[in-house]
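Structure first, commentary second.
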Amino acid sequence: MILRVKLNLLLMTILLLTNGSLAYFLSEKQKAIISDNIEIQAEAISTLIAKDAIQLILLNTPNHATDISTKLSTIKTLSKTDIYNAKGQNILTIENPDYLNKTDLIRKQLPLSFSGSTLGHIELFFTKDSYDEAAESLTLFLMQIFAVGLALTLLFALYLDRFFSKRISHLNRALEATSNQQDYSIRLPEKHTDEIGKAYQNFNQLVENTEQLLSKQATQEQLLQFQANHDTLTGLYNRLYITAALKNLIAEDRSKKTHALCYFDLDKFKIINDSFGHPVGDQLLIKLAAHIEQFINTLPQTQVARIGGDEFVLIVQDTDEQQLLQILKALNTLIQEFRLDYQGQKLSVGVSIGAILFSTPCDSIHTLFSAADTACYHAKNKGGNTLSIFWLNSPELQIEKELINWVQRIRNAISNRQLLVYLQPIIQSQTILNKKPSYESLIRLQEGSEIIPPFAFIPTLERFHMMPEIDFYMVQEVVTHLSEHPEFLNTVNHISINLSGTTLTIPDAAERIIEIIEASQLPFHKFCFEITETTAVSNLKEAKVFIDTLSQKGCLFSLDDFGTGMASFEYLYALPLNTLKIDGSFIKDITEDPIKFEMVKSMQNIANLMDLETVAEYVENQATIDKLNEIGVHHHQGYHYSKPKPIQFFLDTFLKRPLHERMHG
């Protein structure tokens, strides 16, 4: 039962009980008044006839009886009068003829006294007609009062219900609706200024404030949800969203359909960042992302995300290799044709795209991301502005992963200085008066207790264009070791360091090497840089600039693998070389192959004519040494003299020599 009904019932009950009690009280009061009135009337009658009644008792004369009868005849409500003497004998009875048959009478007995003595008593009998009339009149009056009271009660109840109970009930329903249904659109009418009216106003203000707060909260939640799933710079999806989308795809799709996960990386974006600043780079990303998103929105079941920097991820659902190829070609074209206008310049970037095709269900999202990253790496190392597509479990992809694993291993090795410097002596022949040895520095990879030779990882580093990084590392490591014992250089002619062809093409490569050596304060003429014949011929112009720059500082240069690419000797005139290092393929068979003997002999003649020294590789026995001495080769290098050993071995050996030998060599 609701409060409003309870309140109304309680109010009506109280009012009804009040009216009823009042009516009952008035009725009883009226009865008492009538009874008192009869009592007073009886005493008045007794007083009126007392004298005559006493005389009648004492004298028993008719005149007194007549007088009594005359006096009582005027009293209409008196039905019968009996006068008794002290002995209880009836002396006189007077009856009103109008009430002879009335039996329901009111009897009043009063004594008759004279001079302190009771002479008898009077019994008066009153009719109830007047009493009943008065009672009926009173009842009618009370009923009228009750009816009026009831009407007033109802009006009061209606008033209370309308202006209090009903309004409180409305407020309660409004509070219930806002509490249970979170309906904050409810408004209560603000017609009154009393306490309930003010409660209505406060309620309206409360729900309005709550509605505004919830609206702001919803807006903030939407903003937070957007920010959680979108890249703050470009507005594309972010890594978190695309990862969740891929997880859902491989978890929920059991149809064995083919999907694709693609990584694409912007080529030359770093150049724009470095040349024009990050704000310009950000502008390029924002505008390019808008073009990419517009293109992606035309494709069904395709999503794109920026996962950081200039890296993006693309998910293409329900596709095949041919369809994917068309999509990625279109994306490649879109990015290559994009231009950012900046201060009159048209800035552009390229893109390398790697894609992995896979069928659901798929076991691991990590495997997919790793494979896509590998595919992108493969595309970038094909020269950029290209794309590579692999199936997830294809052998080709596994090969690429192994190669990239080598890259990561080498990067870790560089960070942890696990790339070691080994030296192999270069020994002078009997024809050379100066008996100081030279050393070629060679690289080894240490992983735990295992020493890995360079042929296991150098091809991979060459493919991924990491050789300049290795070259600079080796220069720094050799210089660092020698800086700890600079007197060691007094005992050697020079230390050779191999450089790749890629390093020669870097514009500031020579300057970087000069900075490293100058910082150590070691003499430049103690360093000889070996470049392969193929490298020198392929990059003749860059090689000449590089060699000239370092030669001016005093560095020496050796042409490695001489003889393997000699279609023409004209390049020897162009390059300021110091040594020709004859390739080991000619040396190892020189004792048995007369043609190779003559070829080595001709190389030595050329070196003599150009005033160049020669080094023979792969010297492994005395017979080879004898042949080389016969030809006149200046220096020998090979296992016959020593295997490559850690540089620390030679430094420790040097430190064990007497001090004067260490100081003067």
Side-chain angles (χ1 to χ4, degrees), residues 231 233-234 236-239 242 246 260-275 281-282 284-289 291-293 295-296 299 302-316 319 321-340 347-358 368-392 394 396-408 410-411 460-469 502 505:
D231 175 51
L233 178 65
T234 63
L236 298 177
Y237 289 126
N238 59 14
R239 180 188 292 273
I242 209 72
L246 186 60
L261 176 66
C262 314
Y263 264 31
F264 60 97
D265 189 299
L266 301 182
D267 299 330
K268 301 179 181 178
F269 177 74
K270 187 177 184 300
I271 296 175
I272 292 177
N273 254 353
D274 294 343
S275 302
D282 289 347
L284 186 144
L285 286 174
I286 292 169
K287 293 187 177 181
L288 178 58
H291 283 73
I292 294 173
E293 186 174 28
F295 167 69
I296 295 301
L299 305 174
T302 305
Q303 295 172 308
V304 65
R306 176 176 176 249
I307 60 173
D310 58 353
E311 299 176 350
F312 299 80
V313 169
L314 187 70
I315 296 178
V316 184
T319 187
E321 188 169 357
Q322 189 59 38
Q323 182 182 8
L324 179 64
L325 182 61
Q326 293 176 359
I327 292 174
L328 297 184
K329 282 184 176 180
L331 178 62
N332 192 324
T333 301
L334 180 149
I335 295 175
Q336 290 192 54
E337 292 179 351
F338 171 79
R339 297 291 183 271
L340 176 68
L347 305 183
S348 63
V349 292
V351 63
S352 297
I353 306 174
I356 295 297
L357 287 162
F358 65 96
L368 284 173
F369 275 116
S370 176
D373 188 43
T374 299
C376 183
Y377 212 103
H378 179 267
K380 185 172 283 291
N381 284 281
K382 288 197 297 185
N385 276 339
T386 185
L387 56 93
S388 297
I389 300 176
F390 295 93
W391 282 90
L392 179 59
S394 64
E396 294 83 2
L397 180 62
Q398 293 305 117
I399 293 173
E400 289 300 318
K401 285 185 177 180
E402 291 175 5
L403 294 176
I404 292 176
N405 181 53
W406 265 117
V407 173
Q408 297 303 325
I410 295 300
R411 292 200 185 282
T460 301
L461 301 182
E462 289 176 339
R463 173 179 173 181
F464 289 103
H465 309 292
M466 288 183 62
M467 285 309 300
E469 190 175 354
T502 310
T505 63

Atom pair [atom1]/[atom2] of [X] and [Y] - distance to nearest 0.5 Å:
X	Y	atom1	atom2	answer
Thr319	Leu299	OG1	CG	9.5 Å
Tyr237	Glu293	OH	CD	8.0 Å
Asn385	Lys380	CG	NZ	9.0 Å
Arg411	Leu461	CZ	CG	9.0 Å
Gln303	Ile242	CD	CD1	5.0 Å
Asp373	Ile404	CG	CD1	6.5 Å

Tell me, yes or no, whether the heavy-atom count around [X] atom [atom1], taken from other residues, nucleotides or ligands under 6.0 Å, exceeds 12.
X	atom1	result
Lys287	NZ	no
His291	NE2	no
Arg239	CZ	no
Lys382	NZ	yes

Is there a side-chain contact between [X] and [Y], using heavy atoms and a 4.5 Å cut-off?
X	Y	value
Tyr263	Tyr377	no
Leu324	Cys262	yes
Leu397	Trp391	no
Leu328	Phe264	no
Ile410	Thr460	no
Phe312	Leu285	yes
Thr234	Leu288	no
Ile353	Leu314	no

_Is it the case that the side chain of Arg306 and the backbone of Gly309 share a donor-acceptor pair, with hydrogens and angles ignored and the cut-off at 3.5 Å?_
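It does hold such a pair.
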What heavy-atom pair brings [X] and [Y] nearest, and what distance separates the two atoms?
X	Y	answer
Ala289	Leu236	CB-CD1, 3.7 Å
Leu403	Arg463	CD1-NH1, 2.7 Å
Phe358	Leu261	CE2-N, 3.8 Å

_We want to know whether Ser352 and Asp267 form a side-chain donor-acceptor pair, criterion being a heavy-atom distance below 3.5 angstrom._
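Yes, because at least one side-chain N or O of Ser352 sits under 3.5 Å from a partner of the opposite role on Asp267.
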*asked:* Before you tell me yes or no, could you show the steps for Val351 and Leu334 under side-chain contact (heavy atoms from CB on, under 4.5 Å), namely the whole-Å CA-CA distance, both residues' side-chain angles and the distance that decides it to 0.1 Å?
replied: CA-CA 10 Å; Val351 63; Leu334 180 149; over 6 Å; no
*Take Ile335 and Phe295 through the test side-chain contact (heavy atoms from CB on, under 4.5 Å) and record every step on the way to the result.*
CA-CA 11 Å; Ile335 295 175; Phe295 167 69; over 6 Å; no
